[in-house]
Amino acid sequence: MAYDKITVPGSGEKISFANGAMQVPDNPILLFIEGDGIGYDIMTASKRIWDAAVEKAYGGRRQISWMEVYAGEKAAGLYAGDYMPEETFAAFREYKVGIKGPLTTPVGGGFRSLNVTLRQVLDLYSCVRPVRWYNGVPSPLKQPQDIDVVIFRENTEDTYAGIEFESGTPENAKLAKFLREEMNATNFFADAGLGIKPISPFGSKRLIRAAIQYAIDRKRSSVTLVHKGNIQKFTEGAFQKWGYELAAEEFPEATISWDEVAAKHGGEVPDGKIVVQDTIADIMFQKMLLRPREHDVIATTNLNGDYLSDALAAEVGGVGIAPGANIGDEIALFEATHGTAPKYTNLDMVNPGSLLFSGVMMLEHLDWFDAAELITSAYEKTIDQRYVTYDFARQMDNATKVPTSEFATRIIENMNGA
Ligand code: NAD
């Protein structure tokens, strides 16, 4: 389609889908949203690294054609104050895969979070957060290398659906009356703010399906359903129940439930099977500190996933390095998980790690694993040489603090064996 402010690159092809399978050309057009605040610094540095890795891995046979699309402050400047222009959504529908820097959510009346809007409008129902430790990265744990999980957080339902009724409003009074008089639900104080927590079989199953499929594709060993079903039986408990049902119905060959492992296989997982197990959410936080090796892929509801992904990120290096993606049936949007850190704007200081590794996830999503692996090992080598940005430098002994751009240059040099 024709775009107004977006320039389609002269070379490159669209990613497409045939019978549900993604078709990636050797020269795909990938979208990027630069992001506000530190967005320019981390996007510029990361694109240099992604492009260098693709060049190194495939020697010119493969190449990314970047296409800039707009959201946030840069969009507002170009589109007469519109922070989330319609043609950005159109571009994602047409080109399918892209990456974004952090976006400012304008404070004040009427603005919804741009990130939430992108997820909802494009129906990106899985929030995917891999959490693993990279050699040398400062961590508060004694054995951070034991953490290697991928969290699939449901992105569209739960208390995040925004169905809330403020205390003191006529809508709140009407709902309270209905609950008390018609539903015999009386166990709440007068004037309580009220919120609804929708959890559906459709929403739960598509998220859990994506998590199990990921475990199969990436040869992971287990999928843990994390829930509060002991207390919230018909929402969180149902999520767990639907998860086991889905595994048995749609993946009977690939998966086995933990109950079946215990009952029929003496606690030994049969070769080649992915274990589907479940854990109460609060216990999961303990387990990820005490026995993290017992978990691999995690599938969970929206609120649990929100807490869990940030808590686990802190165990292996914090927001400066945690990558993420929001993925739907066809569209995938990879993103830095931190904010715009406005006080560091254009200072060439911050850590590009979160965006950089979101791009590594994007390369893996395209099945370009060789390029992804080059970045990971060059990154670890650079940390090992103790060249780091300010945030890591203050947590490490004998580290040399370098600007974002120089950090990128050193990664590229390590990748090229300099
Ligand atoms: P923030 O993530 O911007 O900053 C939190 C802390 O982390 C700050 O001390 C910051 O300096 C540091 N930090 C963040 N990224 C870093 C990096 N790459 N390297 C080193 N240090 C880094 O969160 P905030 O201050 O709460 O929010 C600032 C703005 O970002 C707000 O407008 C908020 O709405 C927005 N935000 C956007 C996203 C997103 O786009 N996904 C996420 C969170 C916040």
Side-chain angles (χ1 to χ4, degrees), residues 31-47 49 69-76 83-84 88 98-122 124 127-129 134 137-139 151 153 155 160 302 305-307 309-311 313-314 316-327 332-361 379 382-383 387-396 399 401-408 411:
L31 309 186
F32 74 97
I33 296 171
E34 184 176 274
D36 301 324
I38 57 174
Y40 172 80
D41 283 346
I42 59 176
M43 188 63 79
T44 307
S46 298
K47 273 169 63 201
I49 300 170
V69 300
Y70 305 95
E73 287 163 4
K74 203 164 174 180
Y83 281 78
M84 202 58 259
T88 295
I99 189 157
K100 65 177 266 297
L103 297 173
T104 308
T105 293
V107 180
F111 279 111
R112 291 174 66 200
S113 155
L114 300 178
N115 300 300
V116 175
T117 305
L118 270 164
R119 287 171 205 166
Q120 289 187 346
V121 173
L122 299 174
L124 307 175
C127 175
V128 185
R129 297 275 198 100
Y134 296 97
V137 170
S139 155
I151 302 168
R153 162 188 167 195
N155 235 350
Y160 286 55
N302 205 337
D306 195 358
Y307 295 150
S309 35
D310 281 8
V316 294
V319 290
I321 181 170
N326 295 296
I327 302 182
L333 174 56
F334 297 81
E335 65 170 3
T337 57
H338 53 71
T340 57
K343 67 181 175 192
Y344 294 108
T345 301
N346 295 332
L347 295 183
D348 194 17
M349 268 183 80
V350 295
N351 193 340
S354 173
L355 187 69
L356 177 66
F357 282 107
S358 301
V360 169
M361 288 175 74
Y379 176 88
T382 310
I383 303 281
Y387 290 108
V388 289
T389 47
Y390 84 94
D391 52 319
F392 280 7
R394 64 189 176 190
Q395 301 175 64
M396 291 165 68
K401 182 176 91 170
V402 292
T404 315
S405 54
E406 184 183 334
F407 184 64
I411 291 177

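Note that this is a predicted model, so its numbers are computed, not measured. Order of listing sets the numbers, starting from 1, for every ligand and every atom in it.
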I need the nearest protein heavy-atom contact for [atom]: residue, atom name and distance, please.
{"atom": "atom 30 (O) of ligand 1", "result": "Thr340 N, 3.0 Å"}
{"atom": "atom 19 (N) of ligand 1", "result": "Asn351 N, 3.1 Å"}
{"atom": "atom 25 (O) of ligand 1", "result": "Pro342 CD, 4.9 Å"}
{"atom": "atom 39 (C) of ligand 1", "result": "Asn115 ND2, 3.2 Å"}

Is there at least one protein heavy-atom neighbour under 4.0 Å from [atom]?
{"atom": "atom 34 (O) of ligand 1", "answer": "yes"}
{"atom": "atom 6 (C) of ligand 1", "answer": "no"}
{"atom": "atom 43 (C) of ligand 1", "answer": "yes"}
{"atom": "atom 9 (O) of ligand 1", "answer": "no"}

### Task
Please state whether the rings of Tyr134 and Phe357 are parallel, tilted or perpendicular, taking 30° and 60° as the class boundaries.
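Aromatic pair Tyr134/Phe357 classed parallel.
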
### Query
Applying a 4.0 Å heavy-atom criterion (strictly less than), which segment of Ile38 is in contact with ligand 1: side chain, backbone, both, or neither?
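Side chain only.
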
### Message
Test of understanding: given a 4.0 Å heavy-atom threshold, classify the contact between Thr104 and ligand 1 as side chain, backbone, both, or neither.
### Response
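Thr104 to ligand 1: contacts from backbone and side chain alike.
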
### Message
What I want to check is whether the side chains of Ser405 and Asp348 have a donor and an acceptor closer together than 3.5 Å.
### Response
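Indeed, the side chains of Ser405 and Asp348 share at least one donor-acceptor pair under 3.5 Å.
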
Have a look at [options] and point out the one with the heavy atom closest to [atom].
{"atom": "atom 23 (O) of ligand 1", "options": "Pro102, Gly339, Gly353, Pro352", "result": "Gly339"}
{"atom": "atom 22 (C) of ligand 1", "options": "Phe392, Tyr344, Tyr390", "result": "Tyr390"}
{"atom": "atom 38 (C) of ligand 1", "options": "His338, Lys100, Met349", "result": "His338"}

### Task
Report, as yes or no, whether the 6.0 Å neighbourhood of atom OH on Tyr40 holds more than 12 heavy atoms from other residues, nucleotides or ligands.
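For Tyr40, atom OH is not crowded (no more than 12 foreign heavy atoms under 6.0 Å).
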
### Message
So, taking the atom named OH in Tyr160 and the one named CZ in Arg119, what distance separates them when rounded to the nearest 0.5 Å?
### Response
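It is 9.5 Å, given to the nearest 0.5 Å.
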
#### Entry: Nearest-0.5 Å distance, CG of residue Leu355 to OG1 of residue Thr404
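Answer for the CG-OG1 pair, Leu355 versus Thr404, is 11.5 Å.
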
Does some side-chain heavy atom of [Y] sit less than 4.5 Å from a side-chain heavy atom of [X]?
{"X": "Tyr344", "Y": "Asp41", "answer": "no"}
{"X": "Asn155", "Y": "Asn326", "answer": "yes"}
{"X": "Asn115", "Y": "Lys100", "answer": "yes"}

### Where Lys47 and Phe32 come nearest, the two heavy atoms and their spacing
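Minimum heavy-atom separation between Lys47 and Phe32: NZ-CZ, 3.4 Å.
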
Does [X], backbone or side chain, put an N or O under 3.5 Å from an N or O of ligand 1?
{"X": "Glu335", "value": "no"}
{"X": "Ala341", "value": "yes"}
{"X": "Thr337", "value": "no"}
{"X": "Leu103", "value": "yes"}

#### Entry: Check: Thr88 side chain, Tyr70 main-chain N or O, donor-acceptor pair, under 3.5 Å
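Between the backbone of Tyr70 and the side chain of Thr88 there is a qualifying donor-acceptor contact (under 3.5 Å).
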
#### Entry: Side-chain donor/acceptor of Ser354 to backbone N/O of Ala322, under 3.5 Å
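Such a contact is found between Ser354 side chain and Ala322 backbone.
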
